[in-house]
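Structure first, then comments.
What's counted below: heavy atoms across the whole structure, side chains too, no hydrogens, waters or symmetry copies. Count residues from 1 along the sequence. One-based numbering, in listed order, for ligands and for the atoms of each.
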Amino acid sequence: MADHKYVYFFGAGKAEGAADMKNLLGGKGANIAEMTNIGIPVPSGFTITTEVCTYFYDHGRTYPAELKAQVAEALAKVEAVMGAKFGDPTNPLLVSVRSGARVSMPGMMDTVLNVGLNDETVKGVIAKTGNERFAYDAYRRFVNMYSDVVLGVKAAHEKEEDPFEVILEKKKHARGVKLDTELSAQDLKELVAEFKAMVNERLGKPFPEAPMDQLWGGISAVFESWNIPRAKSYRQIHGFPEDWGTAVNVQSMVFGNMGDDSATGVAFTRDPSTGENYFYGEYLTNAQGEDVVAGIRTPQPINRTKGAPEGMRTLDEEMPELYKQLAGIRETLEKHYRDMQDIEFTIQQGRLWMLQTRNGKRTPAAAVKIAVDMVGEGLIDKQTAIKRVEPEQINHLLHPMLDPKAKRVKIAAGLPASPGAAVGQVVFSASDAEAWAADGKKVILVRVETSPDDIRGMNVAEGILTSRGGMTSHAAVVARGMGTPCVAGCSEIAVDYANEQFTAGGVVVKQGDWISLDGSKGEVYQGQVAKVEPKLTGDFAAFMDWADEIRTLGVRTNADTPHDASVARNFGAEGIGLCRTEHMFFEGERIKAVREMILSDDIETRQKALAKLLPMQREDFVGIFRAMDGLPVTIRTLDPPLHEFLPHVDNDKDIDGLAADMGLSAAQIKAKVESLAEMNPMLGTRGCRLGLSFPEITEMQARAIFEAACQVAKEGVKVIPEVMIPLVGHVNELKLQKAIVLRVAEEVMAAAGVKVDYLVGTMIELPRAALTADQIAQEAQFFSFGTNDLTQTTFGLSRDDTGKMLAEYVASGILPKDPFVSIDEEGVGQLVRIGVEKGRSVNAKLKVGICGEHGGDPASVDFCHRVGMNYVSCSPYRVPIARLAAAQAALRNN
Ligand code: ADP
Ligand code: MG
Ligand code: MG
């Protein structure tokens with residue numbers, strides 16, 4: 001490949017590269033080329049492509065033969081444009097060497113400035129500028145920076161002082177001055193020599209004097225930095241391939257430190273934290289790039305739009321003409337890129353130069369505002385706006401947050417299990433949580449882990465903190481469902497129930513002490529940290545409306561209470577995709593009746609207990625139907641293994657109470673509880689198997705559903721019940737359960753004299769159900785994929801027992817991601833696909849949805865779109881996320 005192009009020139013209004021060549025030129029190089037081409041002033045230079053990086057590693061750290069000549073040729077062009085010569089003692093060109101991969105990557109080599117300086121060329125700089133002090137200042141900075149970044153001369157460990165600082169401090173001390181700026185040209189000249197001597201001593205070889213050696217040393221250092229451990233692990237974490245490589249940019253230096261008519265700064269074309277459309281930025285007069293970042297001097301704002309500190313001047317005041325030019329470039333860039341830009345600029349003696357532009361990072365709120373504003377300004381269309389915001393980002397807009405400005409003391413960190421902020425007093429049991437909340441207190445429930453028994457306490461808690469369990473532990477799943485902030489698996493805290501306290505590091509937190517949780521970060525703070533309510537502005541609403549126009553997938557919610565239902569409806573849910581009835585069984589007096597029902601030996605006693613439950617269940621459904629007026633409500637019949645409702649055999653208080661209520665002995669109760677215990681309850685008597693063993697349970701639930709439906713229908717509520725039978729593996733199971741539902745529905749409606757449209761369908765959550773979906777579809781009027789259980793049964797993995805193992809699997813790359821968080825498309829997804837296809841082969845109009853946790857995961861939503869589902873269903877607080885993900889899926893796949 002003798003004539004393969006490895007070097008791309010830019011300068012004097014023309015570049016060989018362009019913005020769409022990021023893969024070849026890296027992000028920085030491609031955008032520098034683009035700016036050059038659209039007439040923005042950029043110091044001339046050239047980019048060495050990422051292919052050279054790949055070649056470098058494929059060929060034992062050597063370069064392609066033609067590279068040297070191509071670099072020389074490009075350098076000659078730069079020299080012509082700049083009217084200076086690299087290495088020339090009378091009229092020297094100085095350059096920077098800048099790394100630049102496709103995406104910016106921590107760990108990559110830092111930029112080296114002022115390359116090309118030596119004892120000869122520095123004289124040329126003095127002659128050209130007439131400023132000896134400036135020249136030696138640049139020189140000593142160069143020797144320092146080059147030695148550090150390229151030659152690796154730096155403090156060996158944290159406790160060692162930077163060797164250049166040591167020499168510098170000594171010099172200042174000897175001269176009796178405090179600031180670098182008080183050193184004379186002669187002092188700086190001496191520093192150069194002292195720096196070099198130290199480098200020579202440390203490395204056993206002299207500092208490179210020849211400008212060409214300096215340049216190639218810099219280029220090689222950039223390529224070498226592609227493979228340092230920090231950059232490698234960053235790529236691993238983000239899944240960026242090794243063969244991307246980095247590019248190297250070599251660019252003529254411009255100086256922001258040549259006097260008061262010079263400056264350097266960084267800016268955003270809009271406010272990156274609020275998204276407001278004004279020019280936001282900071283600069284420093286008489287400074288070089290590194291001074292802004294180093295934070296030694298306080299930078300000045302470029303304008304007064306948001307005020308400026310007392311006595312501080314702004315760029316539009318100090319250099320109005322240049323500010324105007326910069327503001328013009330801001331407009332050009334936004335029109336050109338049609339996105340908010342993050343820019344770097346330098347002013348050298350009254351002349352403006354642009355050094356970088358890229359799409360600016362922004363907060364979630366700013367992302368939405370900028371997208372909406374840009375549609376209004378005609379810069380982008382709605383589709384583009386929808387693509388600009390990550391679905392996960394808007395999660396942050398839906399929950400109250402800790403005030404980012406508030407002071408805080410972090411005491412522990414765990415998993416960010418459920419987003420949002422919580423501030424409250426610590427309690428250690430669900431019953432305390434309830435009692436304290438009843439007194440009007442704000443509580444945070446702290447447990448080792450939670451169980452279904454804790455539901456009511458969890459419900460009233462501001463936040464939940466557990467020391468054990470993963471992202472899909474009971475606490476995490478339930479908290480997300482409730483929209484309650486939760487930090488789970490916080491192994492840094494030790495919970496001591498007996499003494500009603502927990503310890504975190506050295507801190508002891510007792511019952512009643514205040515703590516604050518950040519569920520989005522997974523962090524725990526001591527005391528009360530101030531909160532701010534999220535603002536669901538008009539922009540956000542408009543944005544979500546566009547998502548709704550674009551998406552074809554419906555979005556429902558998983559909700560068990562009227563409250564959750566109305567929260568979800570406000571977030572745009574178009575129905576309930578899963579209403580679990582078992583949560584209703586825990587409340588208040590109900591659990592007693594439930595236990596009596598379970599423990600009764602004969603059908604009469606059981607029916608008596610069920611009769612007590614009937615009106616309570618009916619009331620639940622009445623509330624939910626009213627909240628969802630006009631929208632479908634999918635209600636699942638009882639699903640969990642019965643033992644979940646029973647007290648522990650060693651809980652004497654509960655056992656004795658139950659015995660007294662039922663007129664039995666404690667021993668009898670214990671025997672019964674023990675007889676119901678199962679080795680593998682998740683694969684035991686649960687789901688439709690319960691309803692088959694105890695048809696009267698299904699019958700009671702169906703009656704409650706249809707009595708409620710008829711009652712609200714009479715009030716004028718449009719009610720659309722969909723009864724869903726769980727854990728069906730064989731069509732006959734569904735057939736039998738369905739017969740009960742149909743019979744009861746007809747009976748109830750006849751008695752009430754009301755006709756309600758309803759459906760009976762099933763969950764597809766066992767592999768056998770998916771594989772025989774054509775048979776099941778002959779009985780089912782809809783399918784809802786229960787992908788939590790389907791994932792458990794496909795992998796043969798218990799979600800509740802394998803959280804830690806799965807985290808290790810993901811960390812070590814055995815699995816690409818946690819299959820309970822994001823659907824495993826290759827395995828579980830295949831069963832879903834088969835299920836949909838087979839189901840629709842029998843009933844082309846079969847309504848199909850998903851109600852596992854995956855329904856709120858953007859990648860899984862995309863899959864649901866592709867597989868042709870009608871809707872996804874997720875927890876209330878994820879409804880907007882699913883709406884956006886569904887819109888993006890439509891744009892991506894159609
Ligand atoms: P990063 O990728 O860390 O942003 P850059 O390559 O943008 O690194 O360099 C950091 C800073 O160095 C720039 O913001 C700019 O201030 C300064 N710089 C880089 N190249 C030049 C140059 N040719 N002339 C003047 N300053 C430069
Ligand atoms: Mg930069
Ligand atoms: Mg299930």
Testing Asp180, Leu188, Leu191 for side chain to side chain contact (heavy atoms under 4.5 Å, CB included) with Asp137, which one passes?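 When side chain to side chain contact (heavy atoms under 4.5 Å, CB included) is applied between Asp137 and each of Asp180, Leu188, Leu191, only Leu188 qualifies.
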Is there an N/O/S atom in Gln356 at a distance below 2.8 Å from the Mg ion (ligand 2)?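 Here the distance criterion (N, O or S atom, under 2.8 Å) is met by Gln356, so yes.
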Look at atom 25 (C) of ligand 1 and find which of Asn257, Val97, Ile32, Val254 reaches it with the closest heavy atom.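 Answer by nearest heavy atom: Val254.
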Please state which option from Leu355, Leu113, Val250 has its nearest heavy atom closest to atom 12 (O) of ligand 1.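 Result: the heavy atom closest to atom 12 (O) of ligand 1 is in Leu113.
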Answer yes or no for Ser252: is there a heavy-atom contact with ligand 1 below 4.0 Å?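 Contact check Ser252 vs ligand 1: positive.
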So is Lys28 in contact with ligand 1, going by heavy-atom distances below 4.0 Å?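 In this structure, Lys28 qualifies as a contact of ligand 1 - some heavy atom is under 4.0 Å.
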For ligand 1, find out whether one of its N or O atoms is nearer than 3.5 Å to an N or O atom of [X].
X      : answer
Ser99  : no
Pro43  : no
Glu344 : yes

At their closest point, which heavy atom of Lys128 faces which heavy atom of Ala84, and how far apart are they?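 In terms of heavy atoms, the two residues are closest at NZ-CB, 3.8 Å.
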Establish, yes or no, whether a centroid distance under 6.0 Å links the rings of [X] and [Y].
X      : Y      : value
Phe223 : Phe56  : yes
Phe279 : Phe268 : no
Trp353 : Phe255 : no

N, O or S atom within Glu344 nearest to the Mg ion (ligand 2), by name: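 Distance check against the Mg ion (ligand 2) picks out OE2 in Glu344.
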With heavy-atom distances below 4.0 Å as the criterion, list the atoms of ligand 1 near Gln356.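 Those qualifying, in numeric order: 4 (O), 7 (O).
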Whether Asp119 and Lys196 form a salt bridge (side-chain N of Lys/Arg under 4.0 Å from carboxylate O of Asp/Glu) is what I want to check.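 The answer is yes: the pair qualifies as a salt bridge.
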Lys232 NZ/CZ over Trp226 ring centroid, <6.0 Å and within 45° of normal: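 Ring-cation test returns no.
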